[in-house]
Structures are given as structure tokens and as C-alpha cells.
Number of protein chains: 2
Amino acid sequence: MRSRLLNGSRAMVIASAHGLAPFIDRLALRSVLSPGEQDALLALPFDAITIGARRNVTRLGEISSHASFVATGLVGRFGQTASGQRQLTGIHLSGDMADLLSVVRPTGVGALLALTETTILRVPHRALRAAAAQFPAIAEAFWRHCAVDTATLMQWLLNIGRGDAVGRLGHLMCEMAMRFGGEREYRLQFDLPLTQEQLADATGITPVHVNRSLRRLRELKLMTICRKRVDIHDWDGLVSLSGFDPDYLALDIGNRPKVRLLSA
Amino acid sequence: MRSRLLNGSRAMVIASAHGLAPFIDRLALRSVLSPGEQDALLALPFDAITIGARRNVTRLGEISSHASFVATGLVGRFGQTASGQRQLTGIHLSGDMADLLSVVRPTGVGALLALTETTILRVPHRALRAAAAQFPAIAEAFWRHCAVDTATLMQWLLNIGRGDAVGRLGHLMCEMAMRFGGEREYRLQFDLPLTQEQLADATGITPVHVNRSLRRLRELKLMTICRKRVDIHDWDGLVSLSGFDPDYLALDIGNRPKVRLLSA
DNA sequence: CGAATCATTGAATGGGCTCAAGGGACGTGG
DNA sequence: CCACGTCCCTTGAGCCCATTCAATGATTCG
């Protein structure tokens, strides 16, 4: 725990000097990186762009040559049916490398949409590949970062395939509470600047029914959303209603030994 | 194309001598592996086990120390709600490494269920890690293998989140047709030894409604399932109905240059 | 202050679910 | 070879959750 805190504050200090420091911090949450490996990551080139709310970061079907790190803001990954209906397949908070998967799969994994005004640091695939090739532990950390994303996708699939509307929304809110909170904590209040239409796209229901389901959650005295701010009144109740189990987020690594596998 | 065929038949020859040769063949579909790297993969230790239909390969929440290669049979990955409802999050055909993800994420990614009698080759994580650490291209191939799985999960999420029952089943059948066919081909007839209850778990609907939806597909003269055998009568119609686009499966690599990224 | 977007609510419709019963297919044992 | 039990498939009836269509308030922003 203590080393985590030190590590965290160190990253904060670096952050002012280098935008990708939070990325290293995120990776270090689940993988061990030596100082040399961290330096290699800090040496990654990038350029920063700002994207307005409701604008695409990457387009559907586009072949990308960069990965997009979310420095500030909120980004959604989505797929789309032929008729134009959208389904969010993930939500990326600041500190996430949104499409690290594109390094090995440059196409066909959905598009990215800025859900709020967002600052993106674009890191060339070429540079990420080089770092992964030189340091097996970096390749492993990248792979594991994607693995957490995959585990989250499975959980979403379970949630959407087998939950009712109220449960789906509750589960999403539990996940957001954990992820906004960071390691081993969860937040009962947080800003979630999503419209009800976007919540509908995330949970696979209609905007109107999102509204009714949020009212239901209010009536059950579990949580409220007021002016884009989420207020969870009964965490245990919400967890129980939605069948939430935070294991898949791999956020509780603090009390387990972190693993370093690929070192020769 | 030609080299692919040669490669394929070469793997077939080896297959009789080494059970993991089809795994290399599968990886080589999307990644470039040198003879030395292929040898390293062939040197992986494993032990074979046979598992009866409807029995678990791995259990929910279990920490695994092996990855499970499907030599013969059919394996489903699933998650489960507190009330015991299941949702399949993937179907693995023979030739798939079912839980390669567990190498970097030994827990929390669902359980594996043998859908038919299945032969599993269990490969120790330790050996897979060592191979990935020694050969960056192997790490990359593993990562990419997981990436295709992830892309498939996103497609399932879109399908289940935004499709109706008939479309969900049609989409699943299109995917199976492509995957049973292999590279750049699809099969209009194939055996799919799943019960309607398992199809329900895969598509997020109820068994009864699977039955009605299959009848609907029959009435539309798109496809029939008779005695566990799928017969697609109108491929274009089924593709159109379900909004199927095979891009996400990354099976059409034959006409693109394969990529080799992580080589230093 | 006006315009656009978003949230909220009602009424009617419909897709999928639940409950329930009957019919096949298949394996097992007599 | 047939009888029997067990799954599994099939179909019906009624209900309910979620959708659709539509209208009215609330917010936000230029």
C-alpha cells in the first residue's frame, strides 16, 4: 500500500512534466515496471489534441496508426448496426489508453466518441510496438491492460444479456463508482456527464426507458442522478440489485502480490 | 494464398506428431512466426484430458495455472448472475486456445464449459510466459489472438444489446459459418451440437424463444437447424437480416499483408 | 431572451417471458 | 426388440417489461 502511494505521488509530480505519466501509473496498478521500463514509456512520443463533446476521436472502420490516451475527459467506444443504432462497448476515463488494442488490431474494434470535451494524447503505434519489442515486461503490461478491458466486456455482456433495465443501470453505476474511486475505493458521488441517450447506448435500452428506470432507482432510494451528478444512497442495495462484483475490474491488486511474468 | 495452403498442410502433418501444431496454424493465420518461433511453440509442454459434454473445464472464480487448447470438440465461456442465469461470452472451436487471456489474468474472466465431448490440451502458464518473454513475436501473436477474441466480444455486445431475437440467432449462425469455414470461406452446412438452451445462453434470450425464433428463420426460408445440423439456405438474406460483417473475425487476412510488429 | 437539446411523463403497442402441456429422439435396461 | 425414462424440442395462452409515439417541461447555451 505504502509503495503504491509513493508511486502515485511520484507519478503526479512527473505528470506536470509529462502527459503520459498517468498511463504508467495505470499500468503499474496491475503490472510491475522497472525504472528503465518506465523511462522507456516516458520516452514515448505523442501529440495532444482537444476534441469537443459528441465528436468522434476515431471513426468506424478507420485504420488507425495511433493509440489514444485519455488525458482529461470521457470517451466511449461504440459499435453500430446497419440501421444506425449504437451500442457502447466501453467507457474510458481519464488515465485510460482507450484503444491500446489497435496496436495489434488496427481495425474492426469500433469507433471512439468523446462523451465530453476531451484531451487526447495520440501515441504512434510504431513507438508502442518498439517499446513492447524491447521490453517484454512492457508487452506484458500492454497485454494485461487489454485483458482488463476484455474482462469488462464479458461483464457488460452478462449484464446486458441477462439483466433487466434497472439492474443494467445499477451495474454500470457501480462500475463507474469503483473506477472513479481508483484502487480499492469507490465513490458514492461523482460527475457522470452522460445524457440519458448515451446511458441508453451503454445499457442496450431506449432513452425513454432509461428515464423510467432512473426514476425507479430513485423510488427504491438506491441512487439519484441530478444534473449529471450521480449520488449513490445505498451502495449495498445497489450492489445487490445489480449483482455487481468488482473482481473483473482488477482494482484490488493492492493487497495481492503484483505479478511480473514475462521477464526472461 | 499458396503459402497459406502449404503452411496449412505442413501443420496437418505435424499435427499427428504434436497436438499443438493446430495452435501454431491458428496463430499463423494472423501473425508471422519464424521457424525458430514455431519450434519454441512446438516445444511447449502439455497434457491432454478428455471432458464429457456439459462438464466444466474451469470453474467460476478459479485461479488457473494452465491455458486450455481445444483439440477436438466445442467449448463455451460463460458468466453467471447471482440467480444462476448464464450468459455465454464466447464459443471456442477446435483449434482455439480457449483461455489464453488467463496467462496475464488468471482469474475473473468467466468459466469454461465443454459443450460437447472435448479433448483439451492443458498448457502451463509458466511455459507460455517463458515463450512470450523469449520471443517478442510470440508475445505479439498471443496478444493478437486475445485481440480477436475481444473484437468478437464487442460484436456480441452490439448484437445482444441492439438486435432482436431472430437477428441475434442469425448473427451467431453467420459467425459460426465463417469460423467453421476457416480462412476466407464460409460453410452453409455444419454441425452445431448445441441445445436450444445453450443457444439461449449465447444470445441472451430464453430457450422457448429460441425455438420460436428458429421457426421464424425457417419460415423466412433463411436457415434450418435439424438434429444439431445447421443448414443455411439464403446466406445473403441471413447476413442482411442480422447485419453480419465478418471483419471482426479477422479471417480475411489472406489477401492482406500479415503484420509482424514486435520484432526489434 | 430565444433556440436547441435534454429530461419527463402518458398511452398504446409489441416482443419476449413465464407457465404449462404434449410430442420426439435417444439411450438404457429388461 | 420393446418398454421405459430422460432430455430436448415444440406449441399455446396470458402476462409483463420495454418500446414507440407524442407532448410538455426543464436546462443549457449562444
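If you measure from atom CZ of R168(B) to atom P of dG15(C), you get 14 Å, rounded to the nearest angstrom. In this structure, CD of Q196(B) is placed 12 Å from C1' of dT11(D), rounded to the nearest angstrom. For R162(B) and dG16(C), the CZ to P distance is 14 Å, given to the nearest whole Å. Protein atom CZ of R212(A) is 8 Å distant from nucleotide atom P of dG10(C), rounded to whole Å. One interatomic measurement links the two molecules: CZ of R229(B) to C1' of dA25(C), which rounds to 18 Å at whole-angstrom precision. If you take CG of L214(B) and C1' of dG16(C), they are 15 Å apart, rounded to a whole angstrom.
Nearest-nucleotide assignment on DNA chain D puts the 5′-proximal partner with L194(B), out of L194(B) and G204(A). Toward the 5′ end of DNA chain D lies the nearest nucleotide of K228(B), the other residue of the pair V166(A) and K228(B) mapping further downstream.
Contact annotation: N211(B) side-chain N/O to dC9(D) OP1/OP2 distance is not under 4.0 Å. For dC17(C), the OP1/OP2 oxygens have a side-chain nitrogen or oxygen of T206(B) closer than 4.0 Å. Dashed line: the shortest gap from a side-chain N or O of R54(B) to OP1 or OP2 of dC8(D) is under 4.0 Å.
Comparing atom distances between the R215(B) side chain and each of dA7(C), dG12(D), dG10(C) picks out dG12(D) as nearest. Closest contact between the side chain of R227(A) and the listed nucleotides dT18(C), dT28(D), dC26(C) involves dT28(D).
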Could you walk me through whether S68(A) and R122(A) pass the side-chain hydrogen bond (donor to acceptor under 3.5 Å, both in side chains) check? CA-CA 5 Å; S68(A) 300; R122(A) 299 167 80 232; 5.6 Å; no
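Side chains of R162(B) and T81(A): a donor-acceptor N/O pair is absent below 3.5 angstrom, by distance only. Side-chain N/O atoms of T72(B) and T119(B) include a donor and acceptor closer than 3.5 Å.
Relative ring orientation between Y248(B) and H171(B) is described as parallel, the plane-to-plane angle staying below 30° on a 0-90° scale split at 30° and 60°.
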